[in-house]
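Take a look at the structure below.
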Amino acid sequence: MPIRFFNTYTRTVEEFAPIAPPLVKMYTCGPTVYNYAHIGNFRAYVFEDLLQRHMEARGYKVHRVMNLTDVDDKTIRNSRSSGEPLDQFTRRFKDAFFDDLRTLRIEPAADFPAATEPRYIERMIEMIRQLEHHGIAYQAEDGSVYFRLSRFPEYGRLAHLNLDELRPSGRISNDEYEKESIGDFALWKAWDEADGDVGWDSPWGRGRPGWHIECSAMATDLLGPEIDIHCGGVDNIFPHHEAEIAQSESCTGKKFVRYWLHCAHLMVQGQKMSKSAGNYYTLRDLTAQGWTGREIRYALISVNYRLPLNFTFEGLAGARSALARIDEWVSRLTKLAGSENRASAHPVAQRTAFDEALDDDLNISGALGHLFDAIRESHRLMDQSELTPADARALLNTWRSFNQALAFEAEAPTVPSNIQSLLDARQAARGSKNWAESDRLRDELAAAGWEVKDTKEGQRITARPVS
Ligand code: AMP
Ligand code: ZN
C-alpha cells in the first residue's frame, strides 16, 4: 500500500503521489523569530520531521524549505522595545531556534529563507506588482496594498469556510477598514511610525510585506509554482494558508499545493499552548529542569499528529521510561549480538508493520506499538535463551531502520546498571590511585563485553563483542 495522508484541502485520506518522484517538495511555515519558540511550536516541527524522515526511509528525496518570519508586527515591536536593530534582534532568536532544532534532533531543512533577505523582498514586490497588474491587488487610501478577495472565488476552500460571511457586497464604511471588503488582506503594509526604521522602498511607497506574501514568495522562489506538501499547525489554515493559496495561484496560474498537512495543537489543561495565553514552556525551560531533548521529542511525537496532545509532566516522565525501555533492550541485544555470524531463525515481522503504520497517515501510536511488541517478544525469547546472536543482530538492524524515522537513539552507548556500577567503582579506585583495583575492574568489564578507555574527559566505554 502506498503512503496515505489526510489532506486538509479535501478532508480525506489520499494516496501520496508526488509530482516528480522520488523528489518531494515540502514547505513548512517556520517560526516568527521575536522570542524563543515554545514547545507547542515544536510539536509542529517535530511532526514535520517525522514526516520527512519516514518519506526518506521510504526512498523519497525530500527538499524541505522552512521559512523564518523575521519581519512582522511582533518582531518590530519587540526589537524596538529591546533597543536593538531588527536584524540584530532576530539573529539572536534565529540562532536559538537552530540550537533548539538540534536539541530535538530535527533534521535541518535544505533551505531556511528569511523574509528580509533582499532576494525575497524583491520577489514579494514582483508578485504584488503582478497581482496589481491583473486587478487582483489594489492600493487603498491608507497606502497599503490589499488582495481583492472577490477575484479569487476559491478562497475559503482549504478552511471549508462559508465565504458569504467574509465577502459582504459593496464597500464597508468602517473606520477600521479602508479596504474594499472586510476579508481583503494586506500584501504590502504602508510604513507607519510604529515601524521605526524598518521599511523597504516599493512602487507603493515605503513599507513592508504582509506575512502571507512572505511565504508565497519564498515557497515559489525556492520550490517553484507547484509544491507536493505544505505543513503547519491547524491555526495556520485560516487565514494564512488560505491567503498563500490565493496569492500564489493568482500569480502562477498553477495549483500551489497537492497535499496540505496540519497538526493539531499542543494543549495545556484544555487550552492551546501559546505565548498570548501565557501557558507555555520553551524548550530551554524544560531542559533547564533536566529533561533531555530526546525525551521532549518522544513526548511530542508519540501522539498521532492530528490528535490534540495534552502537555503534562507525567507525559514527559512516560517518555523517559519508554526511552529507558528502548535503551535497555538495545543494550541487551548489543551484548547478545556478539561477533558470531549465524543466520537468524526468527524472521523479523515488525519491520514491515512499523513502516506500514507510518504509511497510514503517520500512525505513530501504531508504529510504536509494533516497536514495543518487538521489545516484549525479544525479551521473552532472550529470557528463555531462544534468541541467537544472529537474531539479535537482525533485531538491531530492525531497530536501526525504525530509528531512521524516530531518532530516539541514546546519546552515548546505553550502559546497563551493573556495568555502570563497575564503572563508578573504577572511577573511585582511580581517584584514590588504586591502580590494581582499577585494572581488575577493567578486566571485569572486558569479561562482561565492555571495553573501557581512559581519556581526558574520563572513562569512555564501548560495547565489545564477547569472544
Ligand atoms: P508561529 O511562530 O506562531 O508562527 O508558529 C509557528 C508554528 O507553530 C506554526 O506552524 C503554528 O501553527 C505552530 N503552533 C503554534 N502553537 C502551537 C501549539 N500550541 N501546538 C501545535 N502547533 C503550534
Ligand atoms: Zn506560511
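Positions are given from 1 along the sequence. We count ligands from 1, going down the list as the structure has it; atoms in each ligand are counted the same way. Just so you know, these numbers come straight off a predicted model, no measurement behind them.
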His379: side chain to side chain donor-acceptor pair (under 3.5 Å) partners, not counting sequence neighbours
Arg332

Minimum-distance N/O/S atom that Glu244 presents toward the Zn ion (ligand 2)
OE2

Return a table of N or O atom pairs, ligand 1 on one side and protein on the other, at distances under 3.5 Å, rounded to 0.1 Å.
{"residue": "ligand 1", "atom": "2 (O)", "partner": "Thr32", "partner atom": "N", "Å": "3.2"}
{"residue": "ligand 1", "atom": "4 (O)", "partner": "Thr32", "partner atom": "OG1", "Å": "3.4"}
{"residue": "ligand 1", "atom": "5 (O)", "partner": "Asn41", "partner atom": "ND2", "Å": "3.3"}
{"residue": "ligand 1", "atom": "8 (O)", "partner": "Asn41", "partner atom": "ND2", "Å": "3.2"}
{"residue": "ligand 1", "atom": "10 (O)", "partner": "Gly233", "partner atom": "N", "Å": "3.1"}
{"residue": "ligand 1", "atom": "10 (O)", "partner": "Asn236", "partner atom": "OD1", "Å": "3.0"}
{"residue": "ligand 1", "atom": "12 (O)", "partner": "Gly233", "partner atom": "N", "Å": "3.1"}
{"residue": "ligand 1", "atom": "12 (O)", "partner": "Asp235", "partner atom": "OD1", "Å": "2.3"}
{"residue": "ligand 1", "atom": "12 (O)", "partner": "Asn236", "partner atom": "OD1", "Å": "3.4"}
{"residue": "ligand 1", "atom": "19 (N)", "partner": "Leu266", "partner atom": "O", "Å": "3.1"}
{"residue": "ligand 1", "atom": "19 (N)", "partner": "Met273", "partner atom": "O", "Å": "2.9"}
{"residue": "ligand 1", "atom": "20 (N)", "partner": "Gly40", "partner atom": "O", "Å": "3.4"}
{"residue": "ligand 1", "atom": "20 (N)", "partner": "Leu266", "partner atom": "N", "Å": "2.7"}
{"residue": "ligand 1", "atom": "22 (N)", "partner": "Gly40", "partner atom": "O", "Å": "3.0"}

For salt bridge (charged side-chain N to carboxylate O under 4.0 Å, His left out), just list the numbers for Arg320 and Asp327, CA-CA rounded to whole Å, side-chain angles, deciding distance to a tenth of an Å, and then say yes or no.
CA-CA 10 Å; Arg320 179 169 284 176; Asp327 292 350; over 6 Å; no

For the metal site, I want the angle between atom SG of Cys29 and atom NE2 of His240 with the Zn ion (ligand 2) at the apex, to 10°.
120°

Using only heavy-atom distances, determine whether the side chains of Asp100 and Thr103 contain a donor-acceptor pair under 3.5 Å.
no

Regarding Asn78 and Ser81, is there a side-chain donor-to-acceptor distance under 3.5 Å anywhere?
no

In Arg58, Gln52, Arg53, the residue satisfying side-chain hydrogen bond (donor to acceptor under 3.5 Å, both in side chains) with Glu56 is Gln52

Go through Arg380 and Glu377 one step at a time and tell me if the salt bridge (charged side-chain N to carboxylate O under 4.0 Å, His left out) criterion holds.
CA-CA 5 Å; Arg380 193 184 63 76; Glu377 177 62 7; 3.0 Å; yes

Checking only N/O/S atoms, does Cys215 have one that is under 2.8 Å from the Zn ion (ligand 2)?
yes

Apply salt bridge (charged side-chain N to carboxylate O under 4.0 Å, His left out) to Arg258 and Glu14, showing your working.
CA-CA 10 Å; Arg258 286 200 163 195; Glu14 295 176 11; over 6 Å; no

